[in-house]
Structures are given as structure tokens and as C-alpha cells.
Amino acid sequence: MGLQITHTPDFVMKWFLFFVLAIGLGLCSSTANSVSGYNYYRLPTALKPQKYYLRILTLLENPEELRFTGTVKIVIEALENTRNITLHSKNLTIDESKITLRKISEDGNKDNCVTSTSINPIHDFYILNTCEELLAGNVYKLSVPFSADLSRQLIGYYRSSYKDPETNVTRWLSATQFEPASARKAFPCFDEPAYKASFVVTLGYHKKFTGLSNMPVKETKPHESLTDYIWSHFEESVPMSTYLVAYSVNDFVNKPSTLPNGALFRTWARPNAIDQCDFAAEFGPKVLQYYEQFFGIKFPLPKIDQMAVPDFSAGAMENWGLVKYRESTLLFSKTHSSLADKQDLANVIAHELAHQWFGNLVTMKWWTDLWLNEGFATYVASLGVEDIHPEWNTKDRGSLTTMMATFRLDSLVTSHPISRPIKMVTEIEESFDAISYQKGSSVLRMMHLFMGEDAFRSGLKSYLQLYAYKNAEQDNLWESLTEAAHKNGALPKNYEIKTIMDSWTLQTGYPIVNVTRDYKTGTAKLGQERYLRNTEISRAQCVGCWWIPLSYTTQNEKDFSNTAPKAWMECSRSGESIPKTIQDLPGPDQWVIFNNQLSTPYKVNYDAQNWKLLIQTLNSEEFQSIHVINRAQLIDDVLYLAWTGEQDYETALQVTDYLQRERDLLPWTSAFNNLKLLNRILRQTPNFGFFKRYMKKLFTPIYEHLNGINDTFSSIQHQDQILLKTMVVEWACQYQVSDCVPRAQSYFSRWRSEPNPDENNPIPINFRSSVYCAAIKYGTDEDWDFLWSRYKNSNVGTEKQVILGTLGCSREVWILQRYLERAFNPKGGIRKQDSSLSFQAVASREVGVLLAKKYLIDNVDLIHKYYYPQTRSMSRFFSQLSEQVITKSDLNGFRAFVNNSRQYLKGLSQTIQQSLEIMLTNVQWMERNYHQFSRSIQQHL
Ligand SMILES: *[C@@H]1O[C@H](CO)[C@@H](O)[C@H](O)[C@H]1NC(C)=O
Ligand SMILES: *[C@@H]1O[C@H](CO)[C@@H](O)[C@H](O)[C@H]1NC(C)=O
Ligand SMILES: *[C@@H]1O[C@H](CO)[C@@H](O)[C@H](O)[C@H]1NC(C)=O
Ligand SMILES: *[C@@H]1O[C@H](CO)[C@@H](O)[C@H](O)[C@H]1NC(C)=O
Ligand SMILES: *[C@@H]1O[C@H](CO)[C@@H](O)[C@H](O)[C@H]1NC(C)=O
Ligand SMILES: [Zn+2]
């Protein structure tokens, strides 16, 4: 599934439904139900589906009755004798009198039947007890009719709508979102990823609509009784998992792409947004072709559609041949979307199309290995985007941001391993997090870099070929890669990929490596232990050992391009770290840096002398002799070390001081990412003034260098610098650097005086977020209302997101309160998919955070009801608030709230544990570092 990316506040993943006990099939018309005894979370293995004939009639004519009715015929092979057929089904109405069951064989079909049914609401099982035993080796055909309302939630088979701008009429459409476990809400099925089968889909609908599914339409026929209704018969699919099935009935239009001798490629949107499809229609086919060549396997379907759905819970979903997106992750407007928006779209499209191989062609056996899907799609997407837009330099930036996200979440005791046991649907949803996506991607990149290009690619290719149309586990991947690595001489013969990679995927956390040099002998001693941000936990308690490929370079050599390991840190059989000594290092006037280009997820601490040498180089003309990613690494590492007290802030500030010279995007990205955390703590303290002055001192040179908020974009050569300028201006306005705020306000007032502000916006696109925020923060009630009207009238998803993110910049309590209430009022004008953006926009700011916290505590029942059953959306609220709780009493207050609200917070326990730990680390920071930091920073003003 796709990332959902927002600029303010953060990167976030996706969330999903929430597990509901007891409701479900209780609403079905069947009466004979009793609760069954089989209580294992997986389906019994006696049966295997081969093919589904899925026929669904969708009724979109009457807004009061948006429904679907259908029949699924499943061809089932019996692997063992059994007296029941256990399927998944959830909240579907099933007329049991119409269920049929037959044995299929060459000498004619033979009727069997169903005596009774029962349900298991905990695991969504629907159990049909058969009249006669099903016998191993035989094939049966089960037919089950079903119906339901098109869901009002954004999962299963659901409704979405948009307003026709010409007539003000609401247009309805239907869409699916099945991953991980909601196909069962749309039709009865064996809803586990390993039950791959082919699908023959037939959709019925009014002829004014278009029907889309995974495969192309084979033929269309009139409906036998409903006038003006038709049946569209789609071609049979390749074998695939249920979570990848997709369909939609809509009145959209498409933009076809021309893909030389390839699949038919179309991009779909509501008619009024079709002009925003150009970028996706051009980029999509290019990246698809890149993957065909990268994986050496052709895209196997005859067509692929990408579709912008007005209401969509995830960022996007990789359904085979019918990829669905939010509008803001597929549609690009030349006049309203920024360069960052464009890069984000490209990244999401590249991610979903990478899944067509990693995920769709080869699928994880069970959700434990979800990271194989998501880590790969995330990593490979960065290669795809880099190939098509090398001028964006997304590969390095992507590596750095995924690494930083990994470091952050995985520094918590409450993090989890990449590969983790899954026993409940809610646990699957909790796996769609930075560990599966970002850490997964980081360890794959690590492997790519230590194995080298040829071995990595040939191993991947043989894995994909071996398991095409099947399912695999991580061990299967390790086998293919070990074989390729040994064949290519890319790994010592006595090393196995599995040994190395298990230390990264089965253990929580990542190591910090201590490098202690002996300047007389030219050696260095290396030790490793797990890095933990939480200093109440003794690290000795959290033993762990990682196989670490060691690359390094010296001040003489400065060869950062070589990321192949010069040595390895190994683990003993009993899992203990074996200390390592490195020889032939230079003299006491030369630094060493480990982990060239941050190729492996570990942090490094050096002895004082080595830090001193590094600081000297950073604060000199020579600073660019350190690779740009390693400059970002040094900033990130030293600020982490200072946080936990392993370095003092004096050293850390000597490192960050050099930023006054820095003109590259990546070190600044690293700096902003870390300084943001300090900012959120310090702005609540009396010493914030010092921090503010220090920040102004750091930013002023880069702000001036980039001509500040003046529109000089047309003269910028490197796209990196556009993003840097965007980012610097955002911070500069926050800290009132130079002319940032007054100029932002004058841009905004120019916009306000436009006769047609929805058509004409004179604010440079890349500054809009900063300008809106400054204008709202220092502006009037009318400024807020003006921006709100633009939100209401906007036809562009990315623009709407920017506005929602900045409406929270106000410092007026009543305005923020009204905004929060609108966000959770179904008639408030904000789509459910976007409410959490509004909440976060308020919660991330200094006045808003207090209101947002109170709003959540006072209204947790209503918010729960608003999202139910997809209450996982609430997880984002907690992570946002957690960074700003800094006192023990607030932390205790939050704990009490969480305890008292358990019934509303089910399925959020992982997020809540992590949020409480982040709050605790803030409290620890205040106790340990606040005074020392305040003293040190005054020396640097
Ligand atoms: C259905 O059949 C399977 C396989 O024979 C068995 O393990 C399971 O317990 C049965 N389920 C019920 C509810 O009896
Ligand atoms: C179950 O279906 C009924 C009728 O189709 C619907 O009213 C209800 O909201 C659904 N419940 C859930 C939890 O989706
Ligand atoms: C559409 O609705 C808006 C606000 O409700 C109204 O101002 C506008 O005149 C309506 N347009 C048409 C064509 O009915
Ligand atoms: C690393 O250095 C820190 C601080 O000097 C020390 O507390 C820790 O024990 C060292 N760890 C290892 C594994 O050498
Ligand atoms: C922006 O442009 C104005 C007018 O040309 C100039 O006075 C100002 O110094 C510029 N600001 C920056 C930060 O370059
Ligand atoms: Zn994905």
C-alpha cells in the first residue's frame, strides 16, 4: 500500500479498519447461525480455492439506497476430507436458501448441499457445514449470493462522491479497498494472501457509468431485467491474492498513455480533474518500463489503470492492473501543485507500480512478512524515480529520509522487529508503519550496497522467477540472494545472507558502534550495542548483536564512493558481539568516518580526538570534502548522542555551527529533522529565546544566499535548491528571520485583492505553505475565512492539503476550536480521509497543541465514533501530541487518559505505547539536558 505523504507535519503511513467483535454477521438475514468451535486465527487448510466467478450489481442511482448485490461462485479443490467450508465474510447479508454446492467431475456434476451455517465473529469466519463430506482430490463449486450497502467507511466495497462544479449535483461512485483484510466485506472468500486464485469478474451497472476491474472488459451485455443496465464481463485474471482484487463503477474519464509495445495504460479521474492527469499519465508508463527492465520480467497483464478516488483511506493501493490513489497522490496541477508535490506523486506512483512485481507477482505467505512488500516497494521506488528524474536526486534524499525515520522509531524500546508474528487483523494494520516501510527499505539498500549491483539484481530476478504467481517468505529471498552473492563473489563463502539479515529483520532496534582509536598504533577498537533513546532502560538489558558491513574512509583518502565492506562486525553463535579491531589507520591529525554514505542503519560514536578533527574540517573551507550524506549523518549522530548524554551539547553545537557554511539540501534536511524536536520542547520553556537566536544565526546565511522569500526560482539550476529554498523559507518565517514574515504577508494580501482568487494566485507555488501559515498566524479572522473559502472552492487535491495544513497556524483559540469541530463534523466540509490532517495542523503548533490535546481528551468517544471501525486513523493524533509533552505531570495525565479511555483506543496499543515512551524521553531530556543545553547554546550566539 502507498505512503500517505504530507508536508506539514510529517510522513505518515496508512491505517485501516479496526477490529469489531460481535457486530459483523449478526446483521445478516440468516437465522441458523451459532458460534463455531474452531478458533484458530487462520483458515483450515483442507480446502484451496482455484477460481472465483464474481458477479456484482452496483446500484448508484438512488442516493438513499446505494447498494450492491452479487453472487460468488468459487471453484474449490479439496486437499483433505472435510465436512465444512470455512470462508471469510463480514457484514454481508447472505440468503442461505440460495447457496448451492456441487461436485465437479468429468462424469457429470453431483449435488451436495449445506446443512447449516455458523460464524466466528472474532476471525470473521463463515462456516458452511456440508451434507456430504468433501473428499480429498475432488473439485467442488460453491455458489453464495450476498448483498450489502455500499460502505460509508473507506474499506471493503464503499461509496465515494464528488460535486459536479457546473450543476452542484453530487455524483456517486463506488470503489474498493481490500488490503489487508476487507475483501471479506465485499464478497465471501478465502481472505488470506496465500490463497491465490484467478478471478472472473462481472460488473452490472447503469449504462451511463464505466466499470473498471483488474482486467480489461471482454464483452458487455444488456441486463436481463433492469432497463438501461448492463453487465460488463472482464477477462479472467492471473492467479492473485484476494486483497489485490479491485473494481469501481464511476463516471470518470481517462487519459490514455502510449506505451510502445506494452500494456494499455490509462489514468482516470473525475471529468473536472482530467487536466491534472498529464504528469501521472506520462510518468507511470515510464516507471513501469523501468521495472520491466530492472526485474527482467514483463508486466504480465494486458492493461493497467490508475485511478484518483475522491475518498481514499490509504495514500494509494497497488491492486493488480487497477491502482487506486487519493487525488492528492495522483493528480498534479501545473498552477497549484509544488515541486515537492510532484516528487511525492512520482514516489507514490513508483511505489505502487513496484508492487506489481513485489507483492502482486510474488506475495508474502502471511502478513508477518509484509515488509517484503512494503520495504521493497519503498526502496525500488527510489531507484525508479531516480532513473526517470535524475535531476531530482531522490535516491540520496530517499535514503537519508528513510534512514532517519528508522533511527527515530526504532530507538524506542516499544518498537518491533521488521518481521513479526501476526495473529489478529488489528496487528496487520499496526505493521503498516515506518518499520515495514522505512526500515525495510533501509536494510534492503544496505544489502544492495554490500552485495553490489550484479549479485543483488541477479538474486532478485531468480527469486521473482522462482516464486512468480506464488507466495514466499523472507528465507526464500535470502536463499536466492546467497546463491547469487556466492556465484558473483560478492560475499565470503562462509557467510550466508540469512545469518546477516536475520540480525536486522528479526531483532528490534539498531546498533551504535563505538570507535575508539589508538593514535599511536594506528588502530581502532569497535564495539556495538543497541541504541536506545530511553535512558531509563539499561542497554545491557537489551542485548543484541547485528552483522555490520564496515565501510570507512580517512581524511587522506576521502573515498566515500566505495560502499563495499572493508570488514565485518560479526556475532558469535550465541548472539554476542565480537569486538573488532581495525588496522592501518592514519595519524592523530587525520579523522576517520565510518559508514560511507550511511549505507547501513547504525549510529557511530568516536573518541573525543576524532570528533575534534571532524569539527575542524566541518568548520573550515574543506567541509565539502566530507560526502554530503555523511555530513547529514554527522549532524544526526551527534544530536542523537547529545540527546542521550553520550556526547555533550557543546560538541553537538560545534558540529551544527558549521551549518552557516552549508548550502546543500541533505545536511539541512538532517538538521531540520533534529532541531524540530528541540524546538517543540524548548518553545514551552523560558530559555526558548536563546534557541531562537541560535536558529536565526544558523539560517540567516542560507536564507540570504537563496534570496529568501523573493521569487528567484526561475534562475535556480538545481532542483535540490528549489526544495532547500522552500524548506529554509518555511523555517525562516517561523523564526521571523529577516524579511520573511512581512513579505509573506504582502504576497497574501496581493492574493486577497485578486478579483478571482480561485483562478489567480500570485504567490509562488513553492512558498504557498509558508506564506499561508505566516499570513494566518499573524493575520485577521478575515484572512482565515478567505483561506477557508479557497479550500472549499479548490479543485486540486494537493492544494487542499496545503490549505488544511496551514489553517492550523492561527493563534486564535476560538478559530482553532471551530476548525477542530469542523474537522470531525460530517457536514463540516472536510472529507473523512482529511480530518486527521486538520487535527495535526492544529496539534503541531504551539497554541494549537493545548487545544488539540484537550479536544482529544474531551471528545475521544465522539472521535472514536466518527472513525469507527477505522479508528486507526487516530494513531496519528498521538504521535503528533507526544513530541510536545515534556513534563512528568503531563505524562501522567496522558497515562490516566489512556487508561480511562481504553474502550475507545482498541487497536491503537502499539502507537500509544510508543507515544508514551516518546513523552518519557522528552521528560528525561528536560531533567538531564535542559540546563546544560541552555548554558552551551549561550556560548554559541
Ligand atoms: C472445518 O473443517 C476443518 C478441517 O476438517 C476442521 O479443522 C475444523 O475444525 C472444521 N470447523 C468447524 C467449525 O468444525
Ligand atoms: C453492516 O451493514 C449494515 C447494512 O448493510 C450497515 O448499516 C452497517 O453500518 C454495517 N456495519 C459495519 C460495521 O460496517
Ligand atoms: C452551487 O452552490 C453554491 C453554494 O451552495 C452556490 O453559491 C452556487 O450558486 C450554486 N451553483 C449552482 C449552479 O447552482
Ligand atoms: C560506548 O561508549 C560509551 C560511552 O563512552 C560507553 O558507555 C559504552 O559502554 C560503550 N559501548 C560499547 C559497546 O563499547
Ligand atoms: C528581496 O528583494 C528585495 C527587493 O528586490 C530586496 O530588498 C531584499 O533584500 C530581497 N531579500 C532577500 C532576502 O534577498
Ligand atoms: Zn505499498
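Source: prediction; values computed, not measured. Both ligands and their constituent atoms are indexed starting at 1 by order of listing.
- Among residue pairs with one or both ends in residues 311-324, those qualifying as salt bridge (Lys or Arg N to Asp or Glu O under 4.0 Å) are Asp311-Arg831; sequence neighbours excluded.
- Each of the following atoms of ligand 5 lies closer than 4.0 Å to a heavy atom of Asn707: 12 (C), 13 (C), 14 (O).
- Ring-centre distance between Phe125 and His88: below the 6.0 Å cut-off.
- Every N/O-N/O distance between Tyr38 and ligand 1 stays at or above 3.5 Å.
- Closest to atom 7 (O) of ligand 5 among all protein heavy atoms lies Arg743 NH2, 3.9 Å.
- For ligand 5, the polar-atom distance check finds no N/O of Ser738 at less than 3.5 Å from any of the ligand's N/O atoms.
- Relative to the six-membered ring of Trp751, Arg768 misses at least one condition, a distance below 6.0 Å or an angle of at most 45° to the axis.
- For Glu374, the N, O or S atom closest to the Zn ion (ligand 6) goes by the atom name OE1.
- Residue Tyr703 has no nitrogen or oxygen atom sitting less than 3.5 Å from a nitrogen or oxygen atom of ligand 5, judged on distance alone.
- For the atom pair Phe178 CZ and Ser241 OG, the distance stands at 13.0 Å (nearest 0.5 Å).
- Atom CZ of Arg102 has 12 or fewer heavy atoms from other residues, nucleotides or ligands within 6.0 Å.
- Distance check: Leu370 CG to Tyr437 OH gives 6.5 Å after rounding to the nearest 0.5 Å.
- The shortest contact between atom 2 (O) of ligand 5 and any protein heavy atom is with Asn710 ND2, 2.2 Å.
- For His355, the N/O/S atom at the shortest distance from the Zn ion (ligand 6) is named NE2.
- The protein reaches atom 11 (N) of ligand 5 closely, with a heavy atom under 4.0 angstrom from it.
- Of all the heavy atoms of Ile709, none lies under 4.0 Å from any atom of ligand 5, so neither backbone nor side chain is involved.
- The protein atom (non-hydrogen) at minimum distance from atom 9 (O) of ligand 5 is Asp739 OD2, 4.6 Å.
- More than 12 heavy-atom neighbours from other residues, nucleotides or ligands sit within 6.0 angstrom of NZ on Lys697.
- Below 3.5 Å of separation, one finds an N or O of Asn84 facing an N or O of ligand 1.
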Would you check, one step at a time, whether the test disulfide (SG to SG under 2.5 Å) holds for Cys131 with Cys113? CA-CA 5 Å; Cys131 302; Cys113 60; 1.7 Å; yes
